[in-house]
2 protein chains.
Amino acid sequence: MYEGIVQELIDELGHLPGIGPKSAQRIAFHILQTQTFDVTRLANVLLEVREKVRFCSICGNVSEQQTCTICRDPRRDPSLICVVEEAKDVVAIERTREFRGLYHVLGGAISPIDGIGPDDLSIRQLMQRLADSTVHEVIIATDPNLEGEATATYLSRLLNTLEIRVTRLASGLPVGGDLEYADEVTLGRAFEGRRVVGA
Amino acid sequence: MYEGIVQELIDELGHLPGIGPKSAQRIAFHILQTQTFDVTRLANVLLEVREKVRFCSICGNVSEQQTCTICRDPRRDPSLICVVEEAKDVVAIERTREFRGLYHVLGGAISPIDGIGPDDLSIRQLMQRLADSTVHEVIIATDPNLEGEATATYLSRLLNTLEIRVTRLASGLPVGGDLEYADEVTLGRAFEGRRVVGA
């Protein structure tokens, strides 16, 4: 145990994902000992981020305005919607430069073990976006793991009741992995090879 | 790339030790998305830590006052000084409850490759502490690696000119470990340092 505030810093850092007690200690000492490290700047960015960042009212992506830069961009194709689990996935897909449509961020995946059902995701908002006939294709780009596949199956059944082409990213993504960790080429291939799902 | 402030947060987090771009992104999204995460608290602790925390003017340990809690503690034995590389090592040793003397934090180890020589460490301050005859034993507890050993050798030569007992922590097999997994150097040290057991 350290004296007061040092231990508090270690505890706070330890609440971050992927940071165990040893990493928290190492980071805390880096902050304490490195004169060049601008702790004020990190603190201010932390405060600013919570204050400034909203989620796009259309697609659920992170945004500093009411709607995100992608939804506001008139060059994007509004007839295509790519459905992803997290805002991180939007950035991963944007990096491929393969996709010029819009996104829909679900906010997670169906996972009965974690108590996450369809109602906990922004599926209702997705259905509202599909209510007019603007959208011709929905590309389901949930993670290629158990929860992602379950979500894809659920969505494809739901969307196949509509007059919309429903596709799923091709295999080519390593099974059991996380979409956000896929390299650009693999992810680009997966876009090219997307196939119609359902009957 | 993310919009403005989100990317700034990812960049700032990426400057922390052991945090790569992917970890920085994951932490940033955790901060953004987890409503229960108290970002204001983390920001305030960061600011407070830089403002409050000093290094003990006697031993170099972290402290919220001019001198640290260990140097101020009258129950500690001032005739024993344990020399360590970093303040982190003080906490590790304190956890053993084996040592009741005082510490001296060098602020690193001699490493010609990194351009760190004896003058970059608080060796002069250590010699000043040994100037009166209070201290009877100096225990060198630098890391058992190349830099730590070099530092220990340097210190032991320097200190052996004084009338003070100089000792080094024992090297050997880690307790609870498996002999077959020990590296050759450790196993060799364990042989060198073997002791008579029983009566």
Side-chain angles (χ1 to χ4, degrees), chain A residues 1-13 15-19 22-23 25-34 36-55 61-65 68-69 86-88 90-92 94-95 107-108 178 180-181, chain B residues 1-13 15-19 22-34 36-56 61-65 68-70 86-88 90-92 94-95 107-108:
Chain A
M1 288 292 287
Y2 292 87
E3 280 188 63
I5 192 74
V6 179
Q7 188 60 44
E8 271 184 60
L9 178 59
I10 293 172
D11 291 344
E12 283 301 314
L13 292 168
H15 293 149
L16 298 171
I19 309 279
K22 287 280 177 195
S23 304
Q25 185 181 298
R26 156 175 280 160
I27 294 171
F29 273 89
H30 178 83
I31 291 170
L32 280 173
Q33 292 176 328
T34 316
T36 54
F37 184 80
D38 194 346
V39 70
T40 320
R41 183 156 166 65
L42 175 57
N44 288 338
V45 169
L46 281 166
L47 292 171
E48 214 180 323
V49 104
R50 189 41 85 79
E51 189 193 308
K52 272 194 185 171
V53 177
R54 322 248 158 286
F55 295 93
N61 190 12
V62 288
S63 174
E64 288 183 27
Q65 297 184 36
C68 73
T69 48
E86 308 277 359
K88 286 180 274 207
V90 171
V91 178
E94 284 299 286
R95 244 184 252 128
D178 249 348
E180 59 171 310
Y181 294 119
Chain B
M1 288 290 289
Y2 293 88
E3 281 188 63
I5 191 74
V6 179
Q7 188 61 45
E8 272 184 61
L9 176 59
I10 293 172
D11 291 344
E12 284 300 316
L13 291 169
H15 292 150
L16 297 172
I19 308 281
K22 286 284 178 193
S23 303
Q25 184 181 299
R26 156 171 279 159
I27 294 171
F29 273 88
H30 178 84
I31 291 169
L32 280 172
Q33 293 175 327
T34 315
T36 53
F37 184 79
D38 193 346
V39 70
T40 319
R41 185 156 165 65
L42 174 58
N44 288 339
V45 169
L46 280 166
L47 292 171
E48 213 180 322
V49 104
R50 187 44 84 78
E51 189 193 308
K52 271 194 184 170
V53 177
R54 320 249 158 286
F55 294 95
C56 173
N61 189 13
V62 287
S63 174
E64 288 183 28
Q65 297 185 36
C68 73
T69 47
I70 295 170
E86 308 278 359
K88 286 180 274 208
V90 171
V91 179
E94 284 298 286
R95 243 184 253 125

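Below, chains carry the letters A, B, ... as their sequence lines are ordered, and counting in each starts from 1. Side chains included, hydrogens not; waters and symmetry mates left out as well; all remaining heavy atoms used.
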- Query: Minimum heavy-atom separation for V39(A) to L46(B), with atom names?
  - Reply: CG2-O, 3.5 Å
- Message: Just verifying a value: how many Å separate Q25(B) CD and K88(A) NZ, rounded to the nearest 0.5 Å?
- Response: 6.5 Å
- Could you check which of D38(B), N44(B), T40(B), L32(B) has the highest count of heavy-atom pairs closer than 4.5 Å to chain A? L32(B)
- Message: I'd like to check I19(B) versus I19(A) (side-chain heavy atoms, cut-off strictly below 4.5 Å). Are they in contact?
- Response: yes
- For H30(A) and H15(B), run side-chain contact (heavy atoms from CB on, under 4.5 Å): C-alpha distance rounded to whole Å, both residues' side-chain angles, the deciding distance at 0.1 Å, then the answer. CA-CA 10 Å; H30(A) 178 83; H15(B) 292 150; over 6 Å; no
- Can you tell which part of E51(A) gets under 4.5 Å to a heavy atom of chain B, answering side chain, backbone, both or neither? neither
- Whatever's closer than 4.5 Å to a heavy atom in chain B on S23(A) counts as neither
- Message: Is it the case that the side chain of R50(A) and the backbone of I31(B) share a donor-acceptor pair, with hydrogens and angles ignored and the cut-off at 3.5 Å?
- Response: yes
- Item | Main-chain N/O of I5(B) paired to E64(A) side chain as donor or acceptor, under 3.5 Å | yes
- Query: In Å and rounded to the nearest 0.5 Å, what is the CG to CG distance from L9(B) to L47(A)?
  - Reply: 10.5 Å
- Between the CD1 atom in I27(A) and the CG atom in L13(B), the distance rounded to the nearest 0.5 Å is 8.5 Å
